[in-house]
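Counting starts at 1 for both ligands and their atoms, in listed order.
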Amino acid sequence: MMKRIGIGVLVSGSGSNLQSLIEHIEGGRLDAEIRMVISNNPDAFALQRCREHRLPAAVINHREFHTREDFDRSVIAQLRSADVELVVMAGFMRILSPEFFRAFPRRIMNIHPALLPSFPGTNVQKQAVEYGVKFSGCTVHFADEGVDTGPIIIQSVVPVYEDDTADTLAARILKEEHKIYPQAIQYYAEGRIEIAGRTVRIRNGRRLAEKAVHNPPLTRF
Ligand code: GRF
């Protein structure tokens, strides 16, 4: 019987990534247990998802704290009291202080809706469409003290079409987010993740076939 990893999920908004984790766990495809969900936003729809699935959840509103560190200490204490092993940021719109990384060294994951290091930050689907890239996607990485800069665990690539808007691209990327985040956490639960500097290796990982993809597709070559 595979040991289930205890995760704490940090959210600020809709929570569709949280929903994907819930469904993978309930479907027996992810060896994890959601021991705590924390939202800094009292109106986050993600909290409604927690009520529907009877998950332990708390609101820690950053506006009620004088400093980022004070807020982080309260979140860290809540995660520790819930015996969280891995912190999973899922649409959590707060930058963590160095103290958070000392509390959970290499045990904080984040998902970003772009192919890092391209387009860190916010409104990245809009940036990708406006920049005119032909591929975009999403990235699961270990968070570090930079903004969207930690070692990359898994990425998924999607085409960007000429008639795409930020919303149509975001929807295409979100579908992929819901696949790669549970996969990254499953690799972690299986103890198959090795970090060497900036490189993340998956032990006994499958190797992607060497195949180039063109967008738009080649016609004559
Ligand atoms: C996702 O696109 C995620 O990559 C980004 O914020 C969005 C949150 O979506 N960090 P949800 O709240 O999980 O639906």
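Looking at Arg172 and Glu176, no side-chain N of the basic residue comes within less than 4.0 Å of a carboxylate O on the acidic one, giving no salt bridge. Using a 4.0 Å cut-off between charged side-chain N and carboxylate O, Arg35 and Glu85 make a salt bridge.
A donor-acceptor pair under 3.5 Å links the side-chain atoms of His112 to the main chain of Phe119, judged by distance alone.
Think of Val59 as one node in a network of Ile, Leu, Val, Met, Phe, Trp and Tyr side chains linked at under 4.5 Å; its network also takes in Leu47. Val213 shares a hydrophobic cluster with Leu115, Phe135, Val157; the chain of contacts runs through ILVMFWY side chains whose heavy atoms sit under 4.5 Å apart.
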Extract all N/O-N/O pairs under 3.5 Å that connect ligand 1 to the protein, and present each with both atom names and the distance rounded to 0.1 Å.
from	atom 1	to	atom 2	distance (Å)
ligand 1	2 (O)	Glu177	OE1	3.3
ligand 1	2 (O)	Glu177	OE2	2.9
ligand 1	4 (O)	Glu177	OE1	2.7
ligand 1	4 (O)	Glu177	OE2	3.4
ligand 1	10 (N)	Ile111	O	3.3
ligand 1	12 (O)	Gly15	N	2.8
ligand 1	13 (O)	Ser16	N	3.3
ligand 1	13 (O)	Asn17	N	2.9
ligand 1	13 (O)	Asn17	ND2	3.0
ligand 1	14 (O)	Ser16	N	2.8
ligand 1	14 (O)	Ser16	OG	2.5

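Every residue two or more places apart in sequence or in another chain was checked for a side-chain hydrogen bond (donor to acceptor under 3.5 Å, both in side chains) with Thr219, and none qualifies.
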